[in-house]
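Single-structure report; data block below.
Here the structure is a predicted model, which means the values were calculated and not measured.
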Amino acid sequence: MSRIGKKAVPVPAGVTANIADRILSVKGPKGTLSMPLADEITYDVQADGISVQPANDTKRARAFWGMQRTLVQNLVTGVTTGFTKKLLITGVGYRAAAQGKVLKLQLGYSHDVNIDVPEGLEVKTPDATTVEITGADKQKVGQLAAVIREWRRPEPYKGKGIKYDGEYIFRKEGKKK
């Protein structure tokens with residue numbers, strides 16, 4: 001039995017959820033998100049929340065149960081509060097600047113790196129070494145953060161690179177003389 005799956009996802013005031021053509025749509029103040037429904041799971045939209053139950057007693061249905069409930073919770077959280085990822089840039093001359101729908105990064109290459117911001121996401125640079133990504137879709141926010149981080153991963157000797165806020169970089173000592 002899934003402990004997470006047993007709990008119904010609460011739907012706050014101002015948020016509506018409905019199921020049509022095997023697609024769950026959740027609408028709230030931050031926009032509308034939808035997700036295709038798994039065949040192994042039954043979904044029930046009620047006034048107080050959305051309950052997720054396995055449709056049968058197969059191993060696959062039990063495995064999907066908690067994950068599908070979490071995906072439904074991410075939809076509800078996304079349309080109410082949204083998701084944020086914060087990236088920190090460390091290194092001499094490394095900096096970022098958001099210009100409209102393009103993020104310009106200077107990461108020590110011979111050229112600037114321009115990253116297009118997908119629709120539905122917002123990128124802010126409060127200072128030259130901080131990038132904040134916000135949006136309603138948790139997957140898109142995390143994917144854009146991973147794409148940005150991939151350009152210059154943090155290295156273990158000096159700690160230079162792009163890391164997530166709160167990420168610990170294991171530091172190595174370097175050569176002895």
Side-chain angles (χ1 to χ4, degrees), residues 2-5 7 9-17 23-38 49-50 52 64 66-109 111-172:
S2 173
R3 291 185 201 170
I4 293 172
K7 300 175 186 170
V9 177
V11 177
V15 176
T16 58
I23 293 178
L24 172 66
S25 297
V26 181
K27 187 174 186 176
K30 297 255 182 195
T32 303
L33 292 176
S34 61
M35 115 178 156
L37 301 180
I50 304 168
V52 179
F64 271 42
M67 179 189 66
Q68 290 296 316
R69 191 256 181 216
T70 303
L71 291 175
V72 171
Q73 176 67 53
N74 287 343
L75 293 180
V76 174
T77 304
V79 297
T80 54
T81 59
F83 294 98
T84 301
K85 283 271 190 189
K86 189 174 179 183
L87 298 169
L88 304 175
I89 302 173
T90 308
V92 177
Y94 292 7
R95 58 184 151 271
Q99 297 175 346
K101 282 293 194 182
V102 176
L103 177 67
K104 284 186 163 291
L105 298 171
Q106 294 176 349
L107 300 172
Y109 296 118
H111 55 73
D112 290 352
V113 177
N114 295 328
I115 298 175
D116 294 326
V117 178
E119 192 66 36
L121 297 183
E122 183 182 340
V123 174
K124 289 186 253 178
T125 51
D127 57 65
T129 59
T130 306
V131 178
E132 290 180 357
I133 305 164
T134 56
D137 192 348
K138 186 174 186 176
Q139 193 275 331
K140 284 185 179 180
V141 170
Q143 182 65 39
L144 181 61
V147 166
I148 294 170
R149 184 179 186 269
E150 195 67 25
W151 277 99
R152 187 67 87 177
R153 283 200 216 126
E155 53 95 18
Y157 295 102
K158 292 184 179 178
K160 292 168 55 170
I162 302 172
K163 68 175 188 168
Y164 297 114
D165 188 25
E167 180 183 13
Y168 176 74
I169 305 301
F170 183 75
R171 301 295 290 272
K172 294 183 178 179

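For the atom pair Lys163 NZ and Leu87 CG, the distance stands at 11.0 Å (nearest 0.5 Å). Distance check: Arg69 CZ to Ile50 CD1 gives 10.0 Å after rounding to the nearest 0.5 Å. Here the CD1-CG distance, from Ile115 to Leu144, works out to 7.0 Å after rounding to the nearest 0.5 Å. The distance from atom CG of Leu105 to atom CZ of Arg152, rounded to the nearest 0.5 Å, is 11.0 Å. Annotation: the span from Arg95 atom CZ to Ile89 atom CD1 amounts to 10.0 Å, rounded to 0.5 Å. Once rounded to the nearest 0.5 Å, the distance linking CG of Leu75 with OG1 of Thr80 reads 10.5 Å.
The main-chain N or O of Tyr164 is never found under 3.5 Å from a side-chain atom of Arg149 such that the two would form a donor-acceptor pair. Arg171 places a side-chain N or O within donor-acceptor distance of the main-chain N or O of Lys158, the cut-off being under 3.5 Å.
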Going through the checks in order, is the side-chain contact (heavy atoms from CB on, under 4.5 Å) test met by Asn74 and Phe83?
-> CA-CA 9 Å; Asn74 287 343; Phe83 294 98; 4.1 Å; yes
Step-by-step side-chain contact (heavy atoms from CB on, under 4.5 Å) determination, Ile133 to Lys140 = CA-CA 10 Å; Ile133 305 164; Lys140 284 185 179 180; over 6 Å; no
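A 4.5 Å side-chain heavy-atom check between Leu37 and Gln68 finds every atom pair outside the cut-off.
Here the options are Leu103, Ile148, Val102, the test is side chain to side chain contact (heavy atoms under 4.5 Å, CB included), and the partner is Val123; only Leu103 passes. Applying the side chain to side chain contact (heavy atoms under 4.5 Å, CB included) test between Val26 and each of Thr32, Val15, Thr16 identifies Val15 as the sole match.
Note: Tyr109 and His111 have parallel aromatic rings, judged against thresholds of 30 and 60 degrees for the angle between ring planes.
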